[in-house]
Asker: 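After the structure tokens below, expect a handful of questions from me.
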Amino acid sequence: MIFIIVIIILLFGACQLRKNHIKSHETEARKTEAQTTTTEEVKKNVWEKKDGKSYYYGEDGKVMTGRFVLNDEKKICYANENGEVTRIVDATKPMVAVTYDDGPSQYTDDFVKIFEEHNSAATFFEVGSRIKESKSLQENEKVVANSYSELANHTYGHKNIRNLSVADMNKQVDRCTDQLRAMGEKTDQILFRAPEGAVGETARKNLKAPVILWSVDTLDWKYRDAAKVHKKAVTNIHDGDIILMHSLYESTLNASKKIVPELIDQGYQLVTVSDLAQFRGGLENGRIYFNIKPVENETETTTSTDTEASSNAVSEGN
């Protein structure tokens, strides 16, 4: 009988010891989890340097990738798939948007390379039907979509939308947008530029995108001369200007090789139209923009809701 009691006591003690052991492990696990949570909280909304590379931890405690905006710092950042920040646009400093119309072309990827080499970006207003012409042109579009630059809408068939019904206009715009998305364009809002810069009142009121025109016309379609285009693109440039060129011409490509570094030397960041507008009041559907000035100079920004205002910007090669 005594032997049985001793056995029971030993078994009971062993059970209690196991429970305490398990409880101890659970306590340690909770401590580790709490420490991990604390570490993650410390890394929310903060920069971190690792091996000379910069990373940014977002609100969820994870490293940010792709394009992201830091409102407090007024910065637009680009990070690769590993989270390494490879480009920062400082919205407090002067910026210019270089734009190219009528692509894609055989030169599109070469234009992108120029901007990538200078850690810069451009906006390419593309014709949807041309994207479907060949696989090589589609590959060029994907190069744009995977770079700092952006793809934008120049209608599907390069149609003068003043001459279209609302239904036909929307079809032109939507079909082009579908092509750009298929090529990988990720911007929340795909921008629009009307062929020939022509936007009537009916079109403006029914467009589902902001209308981006230009303040500097290089007339590259007319000159086909790299030296003349270069001079036009770098003379009397101001913060917020939108420069118009076309990606169809080798002469424009050659001019761009000089334009990009020279504008940077003048103190301008070369950015997409979307980045130009990020901290300058944003963009409104149906509103016409010739340039995008800093918010404090908003009264100087040349925009219009007047349908005839755009006629002053018409470029025959556009």
Side-chain angles (χ1 to χ4, degrees), residues 96-105 108 111 121-131 141 144-145 149-164 168-181 183 185 187-201 203-221 233 240-249 252 271-277 282-292 301-318:
V96 166
V98 178
T99 67
Y100 296 93
D101 284 9
D102 293 350
S105 78
T108 298
F111 280 103
T123 299
F124 293 83
F125 288 92
E126 309 290 65
V127 178
S129 60
R130 290 179 182 164
I131 296 173
E141 292 297 82
V144 180
S149 296
E150 70 180 339
L151 293 169
N153 193 317
H154 202 41
T155 73
Y156 185 80
H158 202 267
K159 301 291 186 181
N160 184 326
I161 61 173
R162 279 181 180 268
N163 302 327
L164 301 177
D168 286 342
M169 176 192 72
N170 286 333
K171 186 176 180 180
Q172 281 285 317
V173 174
D174 291 344
R175 288 184 73 190
C176 183
T177 291
D178 289 344
Q179 286 294 311
L180 300 178
R181 292 297 187 198
M183 294 299 102
E185 181 52 47
T187 50
D188 294 335
Q189 182 182 47
I190 289 183
L191 308 180
F192 174 76
R193 175 174 284 164
E196 301 175 21
V199 184
E201 182 176 3
R204 182 182 61 76
K205 288 183 176 179
N206 289 277
L207 279 166
K208 296 174 284 187
V211 182
I212 310 301
L213 295 186
W214 54 88
S215 53
V216 178
D217 189 349
T218 63
L219 298 176
D220 61 330
W221 61 272
D241 272 338
I242 298 173
I243 300 172
L244 169 65
M245 290 186 280
H246 299 77
S247 62
L248 302 178
Y249 313 117
T252 300
V271 301
T272 62
V273 175
S274 294
D275 283 356
L276 183 63
L283 298 169
E284 300 174 19
N285 289 351
R287 188 173 180 179
I288 299 168
Y289 296 84
F290 296 89
N291 55 37
I292 305 173
T301 296
T302 309
T303 64
S304 179
T305 54
D306 180 350
T307 57
E308 299 306 319
S310 64
S311 64
N312 295 326
V314 171
S315 172
E316 290 181 20
N318 205 48

Asker: Donor-acceptor pair, distance only, cut-off 3.5 Å: does the side chain of E150 make one with the backbone of S274?
Answerer: yes
Asker: Can you tell me how far apart CD (E185) and CD (Q179) are? Round to the nearest 0.5 Å.
Answerer: 13.5 Å
Asker: Is I292 close to I242 at the side-chain level, that is, under 4.5 Å between some pair of heavy atoms?
Answerer: yes
Asker: Quick one: do L180 and I131 satisfy side-chain contact (heavy atoms from CB on, under 4.5 Å)? Show the steps, please.
Answerer: CA-CA 9 Å; L180 300 178; I131 296 173; 3.8 Å; yes
Asker: With F290, which of L213, V211, I212 fulfils side chain to side chain contact (heavy atoms under 4.5 Å, CB included)?
Answerer: L213
Asker: Could you check whether any side-chain heavy atom of V144 comes within less than 4.5 Å of a side-chain heavy atom of F111, counting everything from C-beta outward?
Answerer: no
Asker: Rounded to the nearest 0.5 Å, what separates atom OH in Y156 from atom OG in S129?
Answerer: 5.5 Å
Asker: Please round to the nearest 0.5 Å and tell me the distance separating atom OG1 of T123 and atom CD1 of I243.
Answerer: 11.5 Å
Asker: Check whether any side-chain heavy atom of D102 sits under 4.5 Å from a side-chain heavy atom of W221, and report yes or no.
Answerer: no
Asker: What orientation do H246 and Y249 show, parallel under 30°, tilted 30 to 60°, or perpendicular over 60°?
Answerer: tilted
Asker: Report the distance from atom CD1 of I161 to atom CD of E196, rounding to the nearest 0.5 Å.
Answerer: 10.5 Å
Asker: Rounded to the nearest 0.5 Å, what's the gap from OG1 on T177 to CD on E126? Could you check?
Answerer: 12.5 Å
Asker: Give a yes or no answer on whether the side chain of S105 reaches the backbone of S247 with a donor-acceptor pair at less than 3.5 Å.
Answerer: yes
Asker: Between H154 and C176, what is the shortest heavy-atom contact and its length?
Answerer: N-SG, 4.0 Å
Asker: What is the minimum heavy-atom distance between A121 and S149, and which atoms define it?
Answerer: CA-OG, 3.6 Å
Asker: If I compare all heavy atoms of G286 with all of R204, which pair ends up nearest, and what's the gap?
Answerer: O-CG, 2.5 Å
Asker: Can R193 and T99 be counted as having a side-chain donor-acceptor contact under 3.5 angstrom?
Answerer: yes
Asker: What pair of heavy atoms forms the shortest contact from P210 to N285, and how long is it?
Answerer: CD-OD1, 3.4 Å
Asker: Mark yes or no for whether T252, through its side chain, and D220, through its backbone, hold a donor-acceptor pair below 3.5 Å.
Answerer: no
Asker: Taking the inter-plane angle between the rings of F124 and Y100 on a 0 to 90° scale, is it parallel (under 30°), tilted (30 to 60°) or perpendicular (over 60°)?
Answerer: parallel
Asker: Ignoring hydrogens, what is the shortest heavy-atom contact between V271 and D275? Give both atom names and the distance.
Answerer: CB-CB, 4.0 Å
Asker: Please step through side-chain contact (heavy atoms from CB on, under 4.5 Å) for the pair T187 and T272, ending with a clear verdict.
Answerer: CA-CA 11 Å; T187 50; T272 62; over 6 Å; no
Asker: Could you tell me which non-hydrogen atom of A209 sits nearest to which non-hydrogen atom of I190, and how far apart they are?
Answerer: CB-O, 3.8 Å
Asker: Rounded to the nearest 0.5 Å, what separates atom CG in L151 from atom CZ in R181?
Answerer: 10.0 Å
